[in-house]
Colleague: 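One structure, pasted below without further comment.
Below, each value reflects all heavy atoms present in this structure, side chains not excepted, and no hydrogens, waters or symmetry copies.
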Amino acid sequence: MKRRSKFTRIKIIVAAICFILLGVLLFFQRNVTKILISISEATIRSITTVAVNDAIYYTLNDNLRYEDLIKITYDEGGNVSTITTDSLKINRIAGDTAYLSQENLNKMSAEGILVPLGALTGVEALAGFGKKINIKIIPISNVNCSFVSKFVQAGINQTKHSLYLEVVSDISIILPDKTSNLASTTEVLVCESVISGKIPDTYLQG
């Protein structure tokens, strides 16, 4: 009877230890994953900004003028008749920027992210402490580029036309037990000019 009672106590102790260990494991897993996602997102956002800006630097040059991309025709009254873009050049710039941004992002993210050992404790207060270790992540990215026109009244019968390159990066960060999605948008002024003459409302309305 005494032996059976002792065996029962051992079973209860073992079960309690297993329960405690499971709780601790779940606690740290949840908190560590949360901190890793936070660090990964901050790192990827920084990497994306650098990757996109480097791509834009190579695709746009200082010699690019407004007249190289935009052609304006006037009617007999001196008002704007049409505003057309050089679709070949614009598509080439957008395509090159998207391609280079994607390549830069893939190369830079392949190096992984540096995470302080304190982050692996699951305690946010310790997330910035300790030696940094490299953790590999799997970022899946999709980069799209498009041109955006903006018209702003610049005076009597004058309108400022600005052409922007908008780069949108959709990124999924795959960690061992969770996937995080984030988006980053970068808008860069390509060229601008002040147009004299009345512009049709169809252009001013987008």
Colleague: Of the non-hydrogen atoms in Val52 and Ser101, which two are nearest, and what is the gap between them?
Modeller: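 Minimum heavy-atom separation between Val52 and Ser101: CA-OG, 3.7 Å.
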Colleague: Taking C-beta and beyond as the side chain, do Leu100 and Asp54 meet within less than 4.5 Å on heavy atoms?
Modeller: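 The answer is no, as the side chains (C-beta and beyond) never meet within the 4.5 Å cut-off.
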Colleague: Roughly how far apart are Ile56 CD1 and Glu187 CD, rounded to 0.5 Å?
Modeller: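 That separation rounds to 10.0 Å.
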Colleague: Are Val148 and Ile93 connected in the hydrophobic side-chain network, where two residues link if heavy atoms are under 4.5 Å apart?
Modeller: no
Colleague: Do Asp68 and Asp86 touch side chain to side chain, with heavy atoms closer than 4.5 Å?
Modeller: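 Asp68 does not reach Asp86 side chain to side chain.
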Colleague: Establish whether Val50 and Leu105 are linked, either directly or via other cluster members, by ILVMFWY side-chain heavy-atom contacts under 4.5 Å.
Modeller: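 As far as the 4.5 Å side-chain criterion goes, Leu105 and Val50 are connected within one cluster.
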Colleague: Could you check whether any side-chain heavy atom of Tyr57 comes within less than 4.5 Å of a side-chain heavy atom of Val188, counting everything from C-beta outward?
Modeller: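 In short, these two side chains do not touch, never coming nearer than 4.5 Å.
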Colleague: Quick one: does Arg45's side chain have a donor or acceptor within less than 3.5 Å of a partner on Ala183's backbone?
Modeller: yes
Colleague: Is there a path of hydrophobic side-chain contacts, each under 4.5 Å between heavy atoms, that joins Phe147 and Tyr164?
Modeller: no
Colleague: Output the distance between atom CG (Asn91) and atom SG (Cys145), rounded to the nearest 0.5 Å.
Modeller: 11.5 Å
Colleague: Who passes side chain to side chain contact (heavy atoms under 4.5 Å, CB included) against Thr185, sequence neighbours left out?
Modeller: Glu166, Val168
Colleague: With rounding to the nearest 0.5 angstrom, report the OG1 to CG distance, Thr97 to Asn53.
Modeller: 11.0 Å
Colleague: Which value, rounded to the nearest 0.5 Å, describes the distance between Ile72 atom CD1 and Glu67 atom CD?
Modeller: 8.5 Å
Colleague: State, yes or no, whether a side-chain contact exists between Tyr58 and Asn104 at a heavy-atom distance under 4.5 Å.
Modeller: no
Colleague: Measuring from atom CZ of Arg65 to atom OG of Ser193, what distance do you get when rounded to the nearest 0.5 angstrom?
Modeller: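 The distance works out to 11.5 Å.
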Colleague: Tell me whether Tyr99 at atom OH has more than 12 heavy atoms from other residues, nucleotides or ligands lying less than 6.0 Å away.
Modeller: no
Colleague: Rounded to the nearest 0.5 Å, how far apart are CD of Gln158 and CD of Gln153?
Modeller: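 That separation rounds to 9.0 Å.
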Colleague: Give the ring-plane orientation class for Tyr66 versus His161, where under 30° counts as parallel, over 60° as perpendicular and anything between as tilted.
Modeller: perpendicular
Colleague: Might you point out which heavy atoms bring Leu69 and Ile90 nearest each other, and give the distance in Å?
Modeller: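 That would be CD2-CG1, 4.3 Å.
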Colleague: Is there side-chain contact between Ser162 and Leu189, with heavy atoms separated by less than 4.5 Å?
Modeller: yes
Colleague: Kindly say whether Thr82 contributes a backbone atom to a donor-acceptor pair with the side chain of Thr73 at under 3.5 angstrom?
Modeller: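 Yes, because the side chain of Thr73 sits within donor-acceptor range (under 3.5 Å) of the backbone of Thr82.
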Colleague: So Leu163 and Thr85, do their side chains get closer than 4.5 Å, heavy atoms only?
Modeller: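 A side-chain contact is absent here, since even the closest heavy-atom pair is not under 4.5 Å.
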